[in-house]
Protein chains: 2
Amino acid sequence: MRDLLAITKALADENRLRALGLLEQRELCLCQLVEVLGLAASTVSRHMTILHQARLVETRKAGRWAYFRLADEEAPAEVHAALAFVRAALHPVKQRKADQAALKLVLKLPPEELCRQQANCKC
Amino acid sequence: MRDLLAITKALADENRLRALGLLEQRELCLCQLVEVLGLAASTVSRHMTILHQARLVETRKAGRWAYFRLADEEAPAEVHAALAFVRAALHPVKQRKADQAALKLVLKLPPEELCRQQANCKC
DNA sequence: TTGTTATTTCGACAAATAACGAAATATAAG
DNA sequence: CTTATATTTCGTTATTTGTCGAAATAACAA
């Protein structure tokens with residue numbers, strides 16, 4: 001029950017659902033998610049931790065960058081089923097389409113530049 | 001997105017998942033759910049309202065009794081998918097098995113007597 | 001009618017959660 | 001080594017959520 005509840009709680013937040021919708025496209029680093037979601041980096045980091053603890057998302061560190069991707073085949077059955085549900089339910093959602101369009105633009109910039117922009121934004 | 005979020009939030013509570021596990025067996029009235037879940041009637045009523053607003057559960061009033069059952073075929077696709085996910089994910093869960101065993105005993109009593117017992121319990 | 005009873009609504013409170021910015025950590029670059 | 005930068009952790013605050021009991025509602029019974 002604990003595992004299942006970790007999954008359903010992880011799915012019970014709009015911004016985490018949006019993050020999953022973005023990861024459908026491809027693996028993303030934190031600053032790319034931050035750019036599209038429009039939240040503080042610390043907030044997005046926390047969201048990704050929650051998704052990771054529910055095993056919905058895998059994490060990979062490459063130098064300074066943290067990359068996130070949807071859980072793969074080896075994940076528990078509930079995780080797989082949950083991701084399939086989200087994928088299908090999110091498909092007709094407008095917000096998801098807008099997010100993926102925004103992501104397309106973000107992906108045109110190299111991640112380094114993206115982070116620099118965010119740093120500038122604070123000024 | 002609002003509809004999807006209503007569903008995922010509705011699923012993000014242990015007692016509501018337990019209620020769905022019980023309704024898998026058959027339609028139940030509030031006092032039967034109260035008996036198995038061991039919560040105040042007002043609390044269970046509130047939980048059922050949340051499940052109903054997410055369209056996961058249908059409500060039927062028969063005299064003084066309120067009956068609840070899982071959403072049927074006519075429900076939106078997300079609802080159907082969510083219930084299928086919960087059903088599968090809940091299947092191996094111990095708590096679900098214990099709840100269904102407890103329900104079996106509760107169902108041996110007529111609902112009237114059950115409610116009277118609960119009333120007595122307050123003394 | 002009057003009383004009983006099943007359920008819902010309301011008000012209060014405690015606990016959990018999401019958000020931010022600042023500080024800490026870790027790694028690359030100079 | 002020192003600086004810059006990407007991410008995480010921490011402390012705080014505002015909001016949401018789960019719970020209960022009391023009161024209100026609705027429907028049957030006497």
Side-chain angles (χ1 to χ4, degrees), chain A residues 2 5-6 8-19 27-35 37-54 57 59-68 106 109-123, chain B residues 2 5-19 27-35 37-54 57-68 106 109-123:
Chain A
R2 262 225 329 278
L5 208 49
T8 58
K9 279 174 184 269
L11 298 181
D13 177 88
E14 173 161 15
N15 292 317
R16 287 195 292 269
L17 289 178
R18 291 176 66 195
E27 179 183 69
L28 295 170
C29 83
L30 188 80
C31 65
Q32 292 168 326
L33 290 164
V34 166
E35 184 69 18
L37 295 179
L39 297 170
S42 60
T43 302
V44 177
S45 176
R46 173 140 187 66
H47 282 315
M48 299 319 289
T49 299
I50 290 168
L51 288 170
H52 179 66
Q53 283 175 346
V57 156
T59 301
R60 177 174 72 88
K61 275 251 180 171
R64 278 172 292 182
W65 286 275
Y67 285 93
F68 304 93
V106 166
L109 302 173
E112 301 88 359
E113 196 169 329
L114 191 60
C115 287
R116 208 167 309 129
Q117 282 184 352
Q118 288 171 4
N120 288 345
C121 270
K122 288 173 192 168
C123 301
Chain B
R2 262 224 331 278
L5 208 49
I7 292 173
T8 58
K9 279 174 184 268
L11 299 182
D13 177 87
E14 173 161 15
N15 292 317
R16 287 195 291 269
L17 288 178
R18 290 176 67 196
E27 180 183 68
L28 295 169
C29 85
L30 189 81
C31 66
Q32 292 168 325
L33 289 164
V34 166
E35 185 68 18
L37 295 179
L39 297 170
S42 60
T43 302
V44 177
S45 175
R46 173 141 186 63
H47 281 316
M48 299 317 289
T49 299
I50 290 168
L51 288 171
H52 178 67
Q53 285 176 345
V57 156
E58 306 266 3
T59 301
R60 177 174 71 89
K61 275 249 179 175
R64 279 172 292 183
W65 284 275
Y67 285 93
F68 303 93
V106 167
L109 302 172
E112 301 89 359
E113 196 169 328
L114 191 59
C115 287
R116 208 168 307 130
Q117 282 185 354
Q118 289 171 3
N120 289 343
C121 269
K122 288 173 193 168
C123 301

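Everything numeric in this text was worked out from a predicted model, so none of it was measured. Reminder, nothing fancy here: chain letters follow the sequence lines and each chain counts from 1.
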Visitor: From CD of B:E14 over to C1' of D:dT19, roughly how many Å is that when rounded to an integer?
Guide: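 Nearest whole value for this atom pair: 14 Å.
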Visitor: Taking only side-chain N and O atoms of A:H47, does any of them lie within less than 4.0 angstrom of OP1 or OP2 on C:dT17?
Guide: no
Visitor: Is there a side-chain contact between B:L39 and B:H47, using heavy atoms and a 4.5 Å cut-off?
Guide: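 Counting from C-beta outward, B:L39 and B:H47 do come under 4.5 Å.
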Visitor: If I compare all heavy atoms of B:A19 with all of B:L51, which pair ends up nearest, and what's the gap?
Guide: CB-CD1, 4.3 Å
Visitor: Tell me if the side-chain of B:T43 makes a donor-acceptor pair with the base of D:dG18, cut-off 3.5 Å, by modelled atom types.
Guide: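 Under the 3.5 Å cut-off, the side chain and the base do not form any donor-acceptor pair.
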Visitor: Roughly how far apart are A:T49 OG1 and A:F68 CZ, rounded to 0.5 Å?
Guide: 7.0 Å
Visitor: Below 4.5 Å, heavy atoms only, C-beta onward: do A:T8 and A:L5 meet side chain to side chain?
Guide: yes
Visitor: Does OP1 or OP2 of C:dA26 have a side-chain N or O of A:K61 closer than 4.0 Å?
Guide: no
Visitor: Does D:dT17 have OP1 or OP2 sitting under 4.0 Å from an N or O in the side chain of B:R46?
Guide: no
Visitor: Work out which heavy atom in A:H52 is nearest to a heavy atom in A:V57; give both atom names and the distance.
Guide: ND1-O, 2.9 Å
Visitor: Measure CZ/A:R18 against P/C:dA18 and give the value in whole Å, please.
Guide: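 Spelled out: CZ on A:R18 to P on C:dA18 is 15 Å.
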Visitor: Look at the side chain of A:S45 and decide which nucleotide, out of D:dT9, C:dA19, D:dA27, has an atom nearest to it.
Guide: D:dT9
Visitor: In whole Å, what is the span from the CZ atom of B:R60 to the P atom of C:dT7?
Guide: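 Going from CZ in B:R60 over to P in C:dT7 covers 12 Å.
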Visitor: Let me know the distance between CG of B:L28 and P of C:dA6, rounded to the nearest Å.
Guide: 16 Å
Visitor: Using whole Å, report how far CD of B:Q32 lies from P of C:dT7.
Guide: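 In whole Å, C:dT7 P lies 9 Å from B:Q32 CD.
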Visitor: Can you check the A:L37 CG to C:dA19 P distance for me, whole Å?
Guide: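 Result: 10 Å.
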Visitor: Figure out the CE/P separation between A:M48 and D:dA6, and round it to whole Å.
Guide: 18 Å
Visitor: On DNA chain C, does the nearest nucleotide to A:K9 precede the nearest nucleotide to A:A40 from the 5' side, or the other way round? Give the residue.
Guide: A:K9
Visitor: Name the closest nucleotide to the A:R64 side chain, picking from C:dA28, C:dA6, C:dA19.
Guide: C:dA28
Visitor: Which whole-number value in Å describes the distance from B:L30 CG to C:dA6 P?
Guide: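 Checked: the CG to P distance equals 11 Å.
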Visitor: Could you work out which one of D:dT9, D:dT19, D:dG21 sits closest to the side chain of B:S42?
Guide: D:dG21
